[in-house]
**Student:** 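Would you mind keeping the following structure in view while I ask a few things?
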Amino acid sequence: MRVEGRATKIASDLLAHYDVHARRLPWRAPPGSNAADPYRVWLSEVMLQQTTVAAVGPYYAKFLARWPTVADLAASADADLMAAWAGLGYYARARNLLACARAVAQDHGGVFPDTEDGLRALPGVGAYTAAAVAAIAFGQRAVVVDANVERVVARLFAIATPLPAARPVIRAAADSITPDARAGDFAQAMMDLGATICTSRNPACGICPLRQDCAAVLTADPAAYPVKAAKKARPHRTGHGWWIERDGHVWLVRRPDKGLLGGMRALPSSDWGDAPDPTPPVAARWTTIETDVAHVFTHFSLALRVHHAHVGPDVTPEDEGEWWPIDRIGEAGLPTLFARAADAVRKERQADARN
DNA sequence: GACGCGTGGCT
DNA sequence: TAGCCAAGCGT
């Protein structure tokens with residue numbers, strides 16, 4: 001009788017569970033087929049970076065309908081792609097997505113590289129995404145480590161070293177349980193497990209297919225893994241934005257490619273430091289809306305004070321920008337902060353009109 | 001290794 | 001509710 005090693009048992013237990021319980025997701029090939037399109041896998045993986053499945057769903061559908069192949073995407077205009085990405089966040093991903101599509105089209109004959117190293121060299125493709133695409137789209141054995149896998153592995157092996165120092169240990173442990181066959185399914189099974197059972201808070205250990213394999217479940221608090229270093233407090237900042245209206249149009253600028261909301265259309269705004277009274281882009285009779293727009297970014301929270309004014313037909317701000325029709329503001333591709341500022345102005349107008 | 005980089009859902 | 005968290009990457 002053959003005695004399974006622990007690593008082999010973990011993989012077989014997990015894959016058996018996955019065969020029955022795999023989530024049906026739009027970017028996954030249907031069960032039984034192994035026709036994963038590298039373009040679709042890559043597109044979904046980039047969208048899923050630090051982003052929930054629920055948030056990605058509509059964007060993935062929209063992108064796939066509008067740009068069915070990597071060649072279509074490579075041929076799109078920058079502004080169209082950035083506008084389509086608006087609201088999904090982490091806009092460097094959108095810039096890199098386009099750069100990557102163009103690199104594939106121009107340098108790789110329109111075909112994605114089929115090795116981890118080849119993929120890793122593409123813009124916006126890091127260690128995780130390269131491994132995920134290599135495994136899922138090309139069936140190669142690759143060690144796929146995202147936050148789900150980190151959590152599952154840290155619990156399976158009760159790794160007490162805090163993140164991020166534990167990364168090399170976790171990776172080695174993940175490597176040790178990754179099978180040669182079905183590496184793509186294994187990776188997705190680990191992520192499904194992390195998303196649905198081995199969750200960050202209140203893990204459902206009672207129904208976990210790896211319960212018999214898990215070191216953390218024997219401890220008082222399995223959810224204590226992975227151990228994490230303390231986080232820094234998030235500072236608060238105040239900024240100002242200006243809604244400049246002229247004959248049914250509003251003045252929009254394009255933010256610099258680098259930095260926060262890089263490359264996105266936006267209202268003209270101040271630096272978001274602590275400057276008390278910034279100078280408006282044009283001289284006008286400014287009105288300030290009553291309630292600041294509160295918005296939370298990754299590393300600071302912001303109160304955006306929104307000012308609005310009408311200007312005459314001969315007035316144009318000095319800096320570069322464009323007059324955008326207000327009744328089509330939804331098509332401008334404003335990131336969420338400025339979309340909410342625009343909403344705030346519209347609501348105040350409606351309130352004024354009633355008085 | 002640390003930091004900058006969005007947004008929305010959950011507890 | 002205020003913080004935590006999510007299929008990370010580039011610098």
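Quick caveat: nothing in here was measured; it's all calculated off a predicted structure. Just so it is clear: chains get the letters A, B, ... in the order the sequence lines come, proteins before strands, and each one is counted from 1.
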**Student:** Under the 6.0 Å and 45° cation-pi test, does A:Arg6 pair with A:Phe157?
**Tutor:** yes
**Student:** Please give the distance between the C1' atoms of B:dG1 and C:dG8 as a whole number of Å.
**Tutor:** 15 Å
**Student:** Answer yes or no: is there a donor N or O on one side and an acceptor on the other, between the side chain of A:Arg155 and the main chain of A:Pro222, under 3.5 Å?
**Tutor:** yes
**Student:** For the pair made of OH in A:Tyr59 and P in B:dG6, what is the distance, rounded to whole Å?
**Tutor:** 13 Å
**Student:** What's A:Lys258 touching, base or sugar-phosphate or nothing? Going by heavy atoms closer than 4.0 Å.
**Tutor:** nothing
**Student:** Which atom names give the shortest non-hydrogen contact between A:Val250 and A:Ile326, and what distance separates them?
**Tutor:** N-CG1, 3.8 Å
**Student:** Rounded to whole angstroms, how far apart are CZ on A:Arg234 and P on B:dC5?
**Tutor:** 13 Å
**Student:** A:Leu48 has an atom CG; how far is it from atom C1' of B:dG8, in whole Å?
**Tutor:** 15 Å
**Student:** Which part of the nucleic acid does A:Trp85 contact within heavy-atom distance under 4.0 Å: base, sugar-phosphate only, or nothing?
**Tutor:** nothing
**Student:** Counting the atoms with a prime plus P, OP1 and OP2 as sugar-phosphate, which does A:Leu88 contact under 4.0 Å by heavy atoms, base, sugar-phosphate, or nothing?
**Tutor:** base
**Student:** Expressed as a whole number of Å, how far does the P atom of B:dT11 sit from that of C:dA7?
**Tutor:** 15 Å
**Student:** Would you indicate what A:Val125 reaches in the nucleic acid, counting non-hydrogen atoms under 4.0 angstrom: base, sugar-phosphate, or nothing?
**Tutor:** sugar-phosphate
**Student:** Indicate, with a heavy-atom threshold strictly under 4.0 Å, whether A:Leu25 touches base, sugar-phosphate, or nothing.
**Tutor:** base
**Student:** With nearest nucleotides of DNA chain B determined for A:Asn202 and A:Gln50 from heavy-atom distances, which residue corresponds to the more 5′ nucleotide?
**Tutor:** A:Gln50
**Student:** What contact category does A:Thr336 fall into here, base, sugar-phosphate, or nothing, at under 4.0 angstrom with non-hydrogen atoms?
**Tutor:** sugar-phosphate
**Student:** Rounded to the Å, how far apart are A:Tyr91 OH and B:dG4 C1'?
**Tutor:** 15 Å
**Student:** Please identify the 5'-most and 3'-most nucleotides of DNA chain C with any atom under 4.0 angstrom from a heavy atom of chain A.
**Tutor:** C:dG3 to C:dG10
**Student:** With respect to the phosphate group of B:dC5, does any side-chain polar atom (N or O) of A:His299 fall under 4.0 Å of OP1 or OP2?
**Tutor:** yes
**Student:** Could you list by number each residue of residues 167-179 of chain A showing a heavy-atom separation from DNA chain C of less than 4.0 Å, or answer none if no residue does?
**Tutor:** none
**Student:** Reckon A:Arg340 touches a base, only the sugar-phosphate, or nothing at all at heavy-atom distances under 4.0 Å?
**Tutor:** nothing
**Student:** If we take the C1' atom in both C:dT1 and C:dC5, what is their distance in whole Å?
**Tutor:** 16 Å
**Student:** Are OP1 or OP2 of B:dA2 and a side-chain N or O of A:Lys232 less than 4.0 angstrom apart?
**Tutor:** no
**Student:** Would you say A:Val315 ends up clustered with A:Trp324 if hydrophobic residues are merged whenever their side chains have heavy atoms under 4.5 Å apart, either directly or through other cluster members?
**Tutor:** no
**Student:** Output side-chain donor-acceptor pairs under 3.5 Å for residues 112-128 of chain A, partner residues at least two apart or in another chain, one line each.
**Tutor:**
residue: A:Thr115; atom: OG1; partner: A:Gly118; partner atom: N; Å: 3.0
residue: A:Arg120; atom: NH1; partner: A:Val125; partner atom: O; Å: 3.2
residue: A:Tyr128; atom: OH; partner: A:Glu45; partner atom: OE1; Å: 2.6

**Student:** Is A:Thr52 side chain donor-acceptor paired with the B:dG8 base, going by distance under 3.5 Å alone?
**Tutor:** no
**Student:** For A:Arg23, which contact category applies under a 4.0 Å heavy-atom criterion: base, sugar-phosphate, or nothing?
**Tutor:** base
**Student:** What distance, rounded to whole Å, do you find between the two P atoms, one in C:dC9 and one in B:dG8?
**Tutor:** 22 Å
**Student:** Give the rounded distance in Å between these two atoms: CH2 of A:Trp272 and C1' of B:dG6.
**Tutor:** 11 Å
**Student:** On DNA chain C, compare the nucleotides closest to A:Val145 and A:Lys231; which residue's is nearer the 5' end?
**Tutor:** A:Lys231
**Student:** What about A:Leu81 and A:Val46, same hydrophobic cluster or not, with Ile/Leu/Val/Met/Phe/Trp/Tyr joined at side-chain heavy-atom distances under 4.5 Å?
**Tutor:** yes
**Student:** Using 30° and 60° as the class limits, which term best fits the ring planes of A:Trp272 and A:Phe300: parallel, tilted or perpendicular?
**Tutor:** tilted
**Student:** If you count the non-hydrogen atoms of other residues, nucleotides and ligands that lie under 6.0 Å from CG in A:Asp319, is the total more than 12?
**Tutor:** no
**Student:** I'd like to know if the side chain of A:Arg95 reaches the main chain of A:Gly262, judged simply by a donor and an acceptor atom lying under 3.5 Å from each other, with no hydrogens or angles considered.
**Tutor:** yes
**Student:** With heavy atoms under 4.0 Å as the rule, sort A:Ser200 into base, sugar-phosphate or nothing.
**Tutor:** sugar-phosphate
**Student:** Classify A:Ala147 by what it touches in the nucleic acid, base, sugar-phosphate, or nothing, heavy-atom distance under 4.0 Å.
**Tutor:** sugar-phosphate
**Student:** Is the distance from the ring center of A:His299 to that of A:Phe297 below 6.0 Å?
**Tutor:** no
**Student:** Output the rounded distance in Å from CG (A:Leu334) to C1' (B:dG6).
**Tutor:** 15 Å
**Student:** With sugar-phosphate meaning primed atoms plus P, OP1 and OP2, does A:Thr129 contact a base, only sugar-phosphate, or nothing at under 4.0 Å between heavy atoms?
**Tutor:** sugar-phosphate
**Student:** Quick one: A:Phe300 CZ to B:dG6 P, roughly how many Å, whole number?
**Tutor:** 9 Å
**Student:** Would you say that A:Ser269 contacts A:Phe338 through its side chain, given a criterion of any heavy-atom pair below 4.5 Å between the two side chains?
**Tutor:** yes
**Student:** What contact category does A:Ala187 fall into here, base, sugar-phosphate, or nothing, at under 4.0 angstrom with non-hydrogen atoms?
**Tutor:** nothing
**Student:** If you assign A:Ala92 and A:Arg201 each to the DNA chain B nucleotide with the nearest heavy atom, which residue ends up on the more 5' nucleotide?
**Tutor:** A:Ala92
**Student:** Would you mind classifying the nucleic acid contact of A:Gly194 as base, sugar-phosphate or nothing, using non-hydrogen atoms under 4.0 angstrom?
**Tutor:** nothing
**Student:** Under 4.0 Å between a side-chain N/O of A:His295 and OP1 or OP2 of B:dT7, yes or no?
**Tutor:** yes
**Student:** Is there a side-chain contact between A:Glu150 and A:Arg171, using heavy atoms and a 4.5 Å cut-off?
**Tutor:** no
